Chemist: 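So that we are looking at the same thing, I have put the structure below in structure tokens.
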Amino acid sequence: MPNIIQAVRGTQDYYPEEMAVRSWLYAKMRQVSESFGYQEYDGPFLERFELYAAKSGAELVEKQSYVFEDRGGERITLRPELTPSLARMVATRQRQLTYPLRWWSFGPFWRYEKPQKGRTREFFQWNIDMVGEDSPEADAELATIAASFLKTIGLGANEAQILVNNRQLMQAELEVLGISGALRSEVFGLIDRKDKLSAEAWQARGSELGLDAAQLLGIEKLLTDQDLWKKSETLQRFFTAVEAQGAADYVRYAPHIIRGLDYYTGTVFEAWDTAGEFRAIFGGGRYNDLVNAVGGEPVPAVGFAVGNVVISLLLQALGHAPDVSGRAPIYITVFDADSLAASFSLAAELRAAGLNVTSHLQADKLQKQFKQADRSGAKLVLVLGPDEVAQNTVNVKDLRSGEQRSLPRAELAAELQKLLA
RNA sequence: GUGGAUGUAGCUCAAUCGGCAGAGCACCGCAUUGUGGAUGCGGUGGUUGCGGGUUCGAUUCCCGUCAUCCACCCCA
């Protein structure tokens with residue numbers, strides 16, 4: 001073991017068990033996306049550094065991106081997120097596209113961070129966005145998709161919740177407290193941290209930013225006001241639309257949700273496990289200025305991104321991990337060296353009939369072959385020995401029940417289909 | 001990027017004050033030459049993460065390094 005070259009820090013090996021979970025998630029993401037009429041797309045994994053420079057959070061761009069110079073001297077970035085690429089793709093074909101766009105994607109991303117539980121340097125993300133529609137109903141559609149996804153992967157409303165707020169509402173409330181301009185984004189950061197810091201530390205940091213006691217008190221009051229959303233017509237329409245689509249049990253208002261990325265302009269949301277044991281499952285919101293920021297005409301957009309790491313850990317912790325053996329349900333043994341060819345041709349015959357079949361490759365003791373079959377997850381084990389050949393049958397043992405019987409060769413494929421149904 | 005904890009068999013973990021590196025599970029074999037799971041018996045498997053130092057002697061003490069985990073930071 002000491003001599004094995006180590007994997008790159010923060011990367012993850014996907015052995016078949018983990019790969020099965022990733023593929024399963026991908027399939028669920030596809031299913032939910034398509035059920036709402038969204039089309040799959042993808043951007044390049046490499047982008048110019050400038051694409052992110054002024055658009056994402058400073059931390060993300062300056063400290064967490066993989067940046068290198070290619071052989072032609074270009075500054076290239078391994079994409080840390082997809083939204084700027086989406087904005088660029090929209091800006092490039094701005095006049096050719098039919099709006100609203102409903103697009104989704106699943107692929108790898110890289111961020112140079114210190115790896116921890118639920119946080120790796122290479123990870124996969126589902127991105128889903130609606131572009132060209134600026135309405136609370138569009139925001140609500142994305143939240144409903146998010147809720148539908150949680151439900152589809154087996155998470156109940158008691159296990160995960162989508163928390164919603166609106167930046168314009170918060171901005172207006174802060175104006176009332178005399179907070180605006182450059183200070184506003186600092187205060188957004190402070191609000192984001194309310195739950196994470198002690199009361200004293202939080203107040204101390206607020207004072208550092210130049211807030212007076214009355215302003216701090218005012219912010220604290222805002223953050224406990226669960227009815228604050230009623231002041232926002234946008235959020236009222238949002239919640240009405242969410243409720244009409246049957247997703248209300250997953251979605252609720254939370255005044256402290258603000259999001260870290262700078263490009264959000266309106267409604268924002270995050271999903272959390274209700275037990276509070278993991279970091280955010282996903283986050284997203286409305287970003288109406290981004291296409292403009294990459295050089296296109298202004299186009300409104302809303303969307304969210306789900307990473308595969310936290311959600312996989314959460315599913316495992318809650319016992320919802322999918323049952324994904326992935327191995328063939330039929331295992332064909334080799335009775336002796338002389339019957340190897342006969343077993344192979346039986347396997348080929350069954351595969352031609354559409355069955356998934358694993359072939360044992362040599363005449364080991366049947367005991368060993370049955371053991372391997374059992375461990376591979378096979379449900380049915382076939383034996384083709386002298387007795388079977390003489391009677392033109394195949395012996396079939398069902399490992400689940402332990403029962404076995406001889407089936408006529410001519411009816412074998414059809415019978416196996418029935419046993420597996 | 002800052003602070004802290006932990007690295008011993010494939011996995012989970014022991015090893016007294018610095019004195020022969022162990023157990024359970026897993027794996028392989030036999031009991032069982034046409035049949036998996038259960039049981040019994042036996043067996044394989046170690047550069048104690050890596051490198052250096054102190055010592056007669058280091059899993060143990062010290063330094064460095066790599067990795068994992070935790071809290072910050074940030075975020076999927």
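A, B, ... follow the sequence lines: proteins, then strands. Residue 1 opens every chain. Predicted model, so just to flag it, every value in this text is computed and none were measured.
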Chemist: What nucleotide among B/A76, B/G34, B/A71 has an atom nearest to a side-chain atom of A/Lys114?
Modeler: B/A71
Chemist: According to a strict under-4.0 Å criterion, is A/Arg375 in side-chain N/O contact with OP1 or OP2 of B/C28?
Modeler: yes
Chemist: Going by an N to O cut-off under 4.0 Å, is there a salt bridge joining A/Glu50 and A/Arg75?
Modeler: no
Chemist: Check whether any side-chain nitrogen or oxygen of A/Lys368 sits under 4.0 Å from OP1 or OP2 of B/U33, and answer yes or no.
Modeler: no
Chemist: Can you give the dot-bracket line for RNA chain B, where a pair is Watson-Crick or G-U wobble with both atom distances under 3.5 Å, crossing pairs use [ ], and | marks a partner on another strand?
Modeler: (((((((..((((.....[..)))).(((((.......))))).....(((((..]....))))))))))))....
Chemist: Please write out the pairs of protein N or O atoms and N or O atoms of nucleotides 41-45 of chain B separated by less than 3.5 Å, giving the distance to one decimal.
Modeler:
none

Chemist: Using a cut-off of strictly less than 4.0 Å, decide whether A/Arg119 has a side-chain nitrogen or oxygen near OP1 or OP2 of B/A71.
Modeler: no
Chemist: What's A/Glu403 touching, base or sugar-phosphate or nothing? Going by heavy atoms closer than 4.0 Å.
Modeler: nothing
Chemist: Among A/Phe36, A/Trp126, A/Tyr250, which residue meets the ring pair (Phe, Tyr, Trp, His ring centres under 6.0 Å) test with A/Phe149?
Modeler: A/Trp126
Chemist: Planes under 30° and centres closer than 5.5 Å, is that true for A/Phe123 with the base of B/A76?
Modeler: yes
Chemist: Just call it for A/Gln372: base, sugar-phosphate, or nothing, with non-hydrogen atoms closer than 4.0 Å on any strand.
Modeler: nothing
Chemist: Check whether any side-chain N or O of A/Gln116 sits under 4.0 Å from OP1 or OP2 of B/C69, and answer yes or no.
Modeler: no
Chemist: Classify A/Phe124 by what it touches in the nucleic acid, base, sugar-phosphate, or nothing, heavy-atom distance under 4.0 Å.
Modeler: nothing
